[in-house]
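Have a look at the structure below before the remarks.
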Amino acid sequence: MVGRTARGPFSFSSDDISGKRADEPDRTCVHFIVAKRPTDLWPGITKDSTGKIDTVTIKSEVLSDPGGKMNKVSTQCKTEQRCSANVPIGFVGAGNMAFGITQGILMSGEVSAENVRVSAPSSNNLGRQSEMGVGITHSNAEVVSSSRLVFLAVKPHLVPGVLQEIASHVTREHIVVSVAAGVTVATVEALLPPDSVVLRLMPNLPCLVQEGALLFARGSKARPEHGALLRDLLAPCGLVEEGPESWIDAHTGLSGSGVYLFAEALAEGGVKMGMPSALAHRIAAQTVLGAGRLLRDSGKHPAQLRADVCTPGGTTIFGLHELERGGVRAATMGAVEAATELGRKGAGQGEVRCRERITLGTGEHGL
Ligand SMILES: NC(=O)C1=CN([C@@H]2O[C@H](COP(=O)(O)OP(=O)(O)OC[C@H]3O[C@@H](n4cnc5c(N)ncnc54)[C@H](O)[C@@H]3O)[C@@H](O)[C@H]2O)C=CC1
Ligand SMILES: O=C(O)[C@@H]1CCC=N1
């Protein structure tokens, strides 16, 4: 492939998007639009006539010219600059989740720490945010006023109070993203001004190392481009999927902390068999990591990989038999179900749910 870059930025129309530029010679090439932002989310920027693209640089690449008759031009969009790169981002709440997401998005290198602001009532957690170069404050209102995309990252039972506190600062330009487990979009929308754009996101802790599993759902006023912006922003945090809100609680149950218990049990098995603990834990971590990557990258069903490693009469099938005897499959499915049900039960009643959880003595994390 012969590459050639046309210099930009260009001002161009939808004709240019679907065809070649006026000064482009007749030959086969693809115009990559290498910088775009959804302008309807970010006013003040010149729109192209489709209303979808702005601040555009075109990079043309000659794909091939087998017959020496280069006369077709096509155009593809390719985002090199994140749509979200310049959107001011706020976090109300500065705990583990806010930290994990902040770390993930900053590690992309495309969102500047100066674009991020975080609030919490005490300074306990603000130090580590400050170390990342993020703006810190004790004022939730200040975070909302200075941001366009606001993550609501406080514990579920605090959501109603915090929403009441910030509601008068939320405008139609804001995009409010709640990460609170068990708090529905309807609850958040009901406590904000009418027409507020709300999305519900369920992240998990591996956002810290850019290997999170994140699922979001759009609220009644959130348009696909709001979802696209969130997806674009969070892409460095890991896998980002969109789905109906009814899946969020199941995702919470599935993607939480259960896997750590499995890793811990594997390591303890090694210790029981005489392996030094630190080594056993390193190997367990690497085993879980390797299995996850293999599952993800091969696209194979877990049962296929399991079958691949089971030598007839070999060690693996003996071990698997013990797992089945212990009901690990049913227990795991039951665990996801229990965590999901708790999320559903708590939906919209964060405080009630929290009290119940304290009474029941449940842990901090889902499964
Ligand atoms: N930890 C996890 O793995 C996950 C947590 N979540 C959700 O994320 C939310 C936050 O959870 P964590 O970060 O784990 O909690 P956390 O306890 O680590 O952090 C909560 C933060 O909120 C701050 N805060 C307390 N009252 C506040 C107020 N009135 N205004 C502003 N900030 C206030 C605290 O100072 C703290 O910085 C929860 O709703 C949880 O359901 C969602 C997915 C995973
Ligand atoms: O247990 C919890 O509250 C959080 C929500 C999702 C994962 N852990």
Side-chain angles (χ1 to χ4, degrees), residues 90-104 117-130 134 136-144 147 150-167 169 176-185 187-188 191 199-209 211-217 234 237-238 240 247-261 335-336 338-358 360-367:
F91 288 87
V92 174
N96 291 322
M97 227 44 258
F99 181 69
I101 296 174
T102 308
Q103 176 133 315
R117 207 160 183 75
V118 58
S119 62
S122 81
S123 299
N124 288 351
N125 289 322
L126 291 176
R128 58 180 176 172
Q129 302 275 359
S130 182
V134 165
I136 56 170
T137 172
H138 294 310
S139 165
N140 295 338
E142 189 186 321
V143 159
V144 175
S147 309
V150 181
F151 287 95
L152 194 57
V154 296
K155 287 293 184 195
H157 68 285
L158 296 174
V159 167
V162 167
L163 285 176
Q164 272 155 10
E165 182 191 340
I166 64 172
H169 302 276
V176 177
V177 182
S178 168
V179 302
V183 179
T184 61
V185 164
T187 300
V188 177
L191 292 163
L199 295 97
R200 182 174 167 195
L201 170 72
M202 189 45 61
N204 67 353
L205 213 48
C207 285
L208 276 168
V209 291
E211 291 292 358
L214 302 90
L215 179 68
F216 72 87
L234 295 174
C237 293
V240 187
W247 294 352
I248 296 273
D249 291 316
H251 172 75
T252 313
L254 190 164
S255 67
S257 310
V259 70
Y260 301 120
L261 189 140
V336 174
T340 305
E341 292 302 343
L342 184 62
R344 287 182 181 157
K345 205 168 151 194
Q349 321 169 38
E351 197 171 349
V352 174
R353 175 178 167 250
C354 190
R355 284 205 203 103
E356 274 175 13
R357 295 175 70 195
I358 291 165
L360 292 169
T362 55
E364 180 62 25
H365 297 283
L367 288 156

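Counting convention: from 1, in listed order, for ligands and their atoms alike.
Taking both residues in full, the closest heavy atoms of R200 and T184 are given as NH1-CA, 3.8 Å, listed atom of the first, atom of the second, then distance.
The closest approach between A153 and ligand 1 falls below 4.0 Å for a heavy atom of the residue.
Of all atoms in ligand 1, numbered sequentially from 1 with element shown, those under 4.0 Å from a heavy atom of A181 are 39 (O), 41 (O). For ligand 1 and P203, the ligand atoms under 4.0 Å from any heavy atom of the residue are 42 (C), 43 (C), 44 (C). Per-residue contacts place A181 under 4.0 angstrom from the following atoms of ligand 2 (heavy atoms of the residue considered): 5 (C). Taking a cut-off of under 4.0 Å to the non-hydrogen atoms of V162, the atoms of ligand 1 that pass are 28 (C), 29 (N), 30 (N). Every atom of ligand 2 is numbered from 1 in the order shown, and the set under 4.0 Å from a heavy atom of T252 is 6 (C). Less than 4.0 angstrom separates some heavy atom of P156 from each of these atoms of ligand 1: 38 (C), 39 (O), 41 (O). Residue M202 has at least one heavy-atom neighbour below 4.0 Å for each of these atoms of ligand 1: 42 (C), 43 (C).
For V154, heavy-atom contacts with ligand 1 shorter than 4.0 Å involve the backbone as well as the side chain. Only the side chain of N140 comes within contact range of ligand 1, with a heavy atom under 4.0 Å; no backbone atom does.
Here's the thing with N96: one of its N/O atoms is less than 3.5 angstrom from an N/O atom of ligand 1. Ligand 1 has no nitrogen or oxygen under 3.5 angstrom from a nitrogen or oxygen of V92.
Side chains of L208 and F99 form a contact here, defined as non-hydrogen atoms less than 4.5 Å apart. A heavy-atom distance below 4.5 Å is found between the side chains of L201 and I101.
To the nearest 0.5 Å, atom CG of residue L342 and atom OG1 of residue T252 are 10.0 Å apart.
Of the candidates S178, G95, A180, G95 brings a heavy atom nearest to atom 16 (P) of ligand 1. Among H138, Q129, M97, H157, the residue whose heavy atom lies nearest to atom 44 (C) of ligand 1 is M97. Among N204, V179, L158, T252, the residue whose heavy atom sits closest to atom 42 (C) of ligand 1 is V179.
The residues K345 and D249 are annotated as not salt-bridged, no charged nitrogen and carboxylate oxygen being separated by less than 4.0 angstrom.
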